[in-house]
Structure formats: C-alpha cells, structure tokens
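Worksheet for the structure shown next.
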Number of protein chains: 2
Amino acid sequence: MSTVTPAKKPTRIQLRNRTRILDAALEIFSQHGYRGATLDQIAAASGLSKPNILYYFDGKEDIHVTLLNQLMDAWLAPLREIDPNGDPLEEILRYVHRKLEMSREFPRESRLFANEILQGAPRIAPHLESGLKSLVDETSILISGWIAEGRLAPVDPRHLLFSIWATTQHYADFDAQVRVLMEDRPVHEGAGQYLDTLYRRLLKP
Amino acid sequence: MSTVTPAKKPTRIQLRNRTRILDAALEIFSQHGYRGATLDQIAAASGLSKPNILYYFDGKEDIHVTLLNQLMDAWLAPLREIDPNGDPLEEILRYVHRKLEMSREFPRESRLFANEILQGAPRIAPHLESGLKSLVDETSILISGWIAEGRLAPVDPRHLLFSIWATTQHYADFDAQVRVLMEDRPVHEGAGQYLDTLYRRLLKP
DNA sequence: AAATTTCTTGACCGATTGGTCAACGTGTGG
DNA sequence: CCACACGTTGACCAATCGGTCAAGAAATTT
C-alpha cells in the first residue's frame, strides 16, 4: 500500500512522519474535499516537503484511503458498544450522546466522512458494504428485539440510526450554518438537551 | 454579473443555453463539489463548447454563485409557508414532509448546498447572514409563541429546525450510504412514516 | 439581400496539479 | 569511524486546469 515499510517494522521517524502527514491531510481533506486538497497544502501543513510525503505514501489517494480506513473503525466503535443486556432506552441515549460528543471532538473526521459519502463514496464503498452493513444489520435486529419485548416504542431501527447520525453529525458537517444561526449561544450544550428529549420521547414505550 | 445580457432582454437562445448550462453545472457541481468540477465536464454535459459556456457566464465561479442564488430561494420557500394561524403541530409536520419531498425530488440541489456548507460556505455566507438568519429568527419566535401558549411541547426552536434539516436532507446527502444499508427497501416511504412519528411524539403538548 | 448583431469554436496560454528522479544528508549497527 | 540503509529535497515533467482570442457561422434587423 505505502512506499515505506513493505513488510518491516516502522522506524520511529517513519511513525512520527506518517502521523504528521495524516494529521495534516485530515485537516486539508476535511476542509477542501479530496479534489480540492493539494499535496502542496498537505506538505506545508505537515512541515515536510512534497517529495518527502511521496516517500511515505504512494500518492494522494493512498493518504486519503489510509485516513478513511482509520476513520471507519473509530466511527463505528460507539455503535459496537451498545450493550444488548443494558436498558434499551438508556443504551440508545448513551449512543446519541457519544455520537454528539464525537461530532464536537472530531469535526474534521466527520466532515471527511461526509465529503466522501457526498461524492458517492467512491473510495469507501467496500467498507460500507462489509463493515458498516453487517454491524447495522445486527443492531437493527437487536433494536427490533427490544421493540418486540415492549421495551421500546415501535420504530424502524434503520431510520432511527439514520436520524441519530444525521442529527449528531449535523453540528460538525453544517458547522458554518449552525454558527451563523446560533451566534454566541452554547451550541452543543443545547444540542445535548434537545436530542435527549427528542429520542426519549420517541422511544419511551 | 454575466457576460451576456448586461442590461438587455435575454434572447430565446440565451435563455435556452443558460438553462442548459445551469442544469449541467448542477449535475457536475453536486457530484464533485466546486473544486472537483471542471468546465470541460460542464461543457460536455451541456452539449456546448467550453468557450461558448464562457460566453454566457463570466467563469466557473459565476456559474456556481448563480446556482446557489437560485437554490436559496427554493430552499427557504417551505419555511416561509409555515402558517402562523394554522395548527402548530400540523404546520411543522407539513414542513417536515415538504422538506423530505424536496430531498427526494431535488437531491442534486441538496448536495450542492451541503457541499457549499461543508467547505465553510465561502460563496454563500452573505445569503446565510441575511436571508436565512432573519427567516430562522422569525420562525423561532413563532414556535416559541406556540410553546408559550401550550400548543407545542417545549423545545429549542433552533435545534428543532436543525434536526428537521438534518433528518430530511440526510436521505439526499448521504444517499450512497443509505442505499447500501436499505438495499431494495422503499427508502423514502419508510422515512416519511418514521419522521412523522419522531416529530409528532416530540412536539405533542 | 445586405448589414449588423448575436452566437460558436479551434487553437492557444499561463498557472497549477500530482508525481518523478538523481543527488545529497543523516542516523545507526558493526 | 565506516559502511550502508534510511531519510530528504530542488529541479523538473506531462497532464490538466480556467480562461482568452480571433475568426467564422447563424440570426436578426434593415
């Protein structure tokens, strides 16, 4: 995949520089999209020269794909943490708050993902088909089970997940719009309260 | 603004070609973002030559800005149609369904807007400050009034609007993801039912 | 049908893009 | 301290970008 470390242990320098590059690339890609980002921008942001960046990665696309791969794991983690043995309503609300927290804490990752999906997911489609789909299928079955037991109000599990993703990521992805409309109000605090109310009223059996 | 028709009446040819160009540009811009779209792509999609496109528009940015201007009007229209004298819950639900319908009917417009906001709204910021902000402020006051009268459950009006935008536009903006997870299920039909339940339970006093 | 305006385009341009390469440092194990 | 792999870069390249221009084709007006 990458030029360096075809099968050997990464040097300290390799580890440090690959991290630097990926962090700079995340900043640039999430801000300008794949096509809008340039290697020169990433080079400047990482403090390395352009040829040096190509020494650590096979090219622009390699950097982008590496970022997306790293992202998918972290992005799906909260969904995996839903406890089938916990209280249904509280488990889902915890998931909502965790996703909102990630939206505030990792807005660049959220925008990187949004950009990729907006363009039709050309470089992440395999991950969606495999990792995401099976996890969503499992979670849907879990939620359906909870509903059948009467522990949650009846809703379509998939649309529930869509709405949770949409409402939480909105604060990162549409930050430019939210910022204009909220002026100097405490955005995320109000969002936490609102979303808690929203999903509590929806799901209370 | 544009090269042609500085102050005169537009010819039939001008009207036809400008429409062709804008339609092709909407397709390309919404698919690849501003930076990712090229004039050659727009030229090919519109069936005109590149110099001919530049005869009708001052440049790439002029086309993009023209699209965004047209978009903002149509995008805000449903919000203006909320009737202060109607039934609060039904007015808001009608707004939700109208927005969802637009998401299904005009996904390219939704993605064009999402792309612009994701990049930090560099070319549409003035419209947000002026048109959108005042309209949202008015609507927030209206909703707050309804809540004070006890005709709606108490929620933050601004976060309510955010969640409506997020949940409805999600089906257009994240279509690539939704398509994978819903396979051949009737996506929008289920979405309409789900969102109706969601906001009805949230807002019922 | 001539005159004039509107419309169309092939050829071209400078700038920027992702990527290459040879040459030159630099760290590290023997 | 020396050999050798690792790390770094200035100079360069072909391709593509948005945009220009002069010259010709079509409409429209007279």
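Throughout, a chain's letter reflects where its sequence line sits, starting with A, and its residues are numbered from 1.
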Are any of [X]'s side-chain N or O atoms less than 4.0 Å away from OP1 or OP2 of [N]?
X        : N      : value
Gln14(B) : dT6(C) : no
Asn52(B) : dC7(C) : no
Tyr55(B) : dC7(C) : yes
Thr11(B) : dC7(C) : yes

What residues form a side chain to side chain contact (heavy atoms under 4.5 Å, CB included) with [X], not counting sequence neighbours?
X         : answer
Thr197(A) : Arg201(A), Leu202(B)
Ser49(B)  : Pro51(B), Asn52(B)
Ser110(B) : Trp75(B), Gln169(B), Ala172(B), Asp173(B)

Task: Contact pattern, 5' to 3', of nucleotides 10-30 of chain C - B, S or - by protein heavy atom under 4.0 Å - done: B------SBBBB---------

Could you check how far [atom1] of [X] sits from [atom2] of [N], rounded to whole Å?
X        : N       : atom1 : atom2 : result
His64(B) : dG19(D) : NE2   : P     : 13 Å
Arg20(B) : dC7(C)  : CZ    : C1'   : 13 Å
His32(B) : dC17(D) : NE2   : P     : 11 Å
Asn17(B) : dC7(C)  : CG    : P     : 8 Å
Phe57(B) : dT20(D) : CZ    : P     : 15 Å
Tyr56(A) : dT9(D)  : OH    : P     : 10 Å

Open item on the list: Could you work out, with side chain to side chain donor-acceptor pair (under 3.5 Å) as the rule, every residue matching Tyr194(B), not counting sequence neighbours?
Closed with: Ser163(A)

- [ ] Please check if any side-chain donor atom of Gln31(A) sits under 3.5 Å from a side-chain acceptor atom of Glu27(A), or the reverse.
- [x] yes

In residues 120-132 of chain B, what donor-acceptor pairs under 3.5 Å come from side-chain atoms, sequence neighbours left out?
unit_1, atom_1, unit_2, atom_2, d
Arg123(B), NE, His64(B), ND1, 3.3
His127(B), NE2, Asn69(B), OD1, 2.8
Ser130(B), OG, Pro126(B), O, 3.0

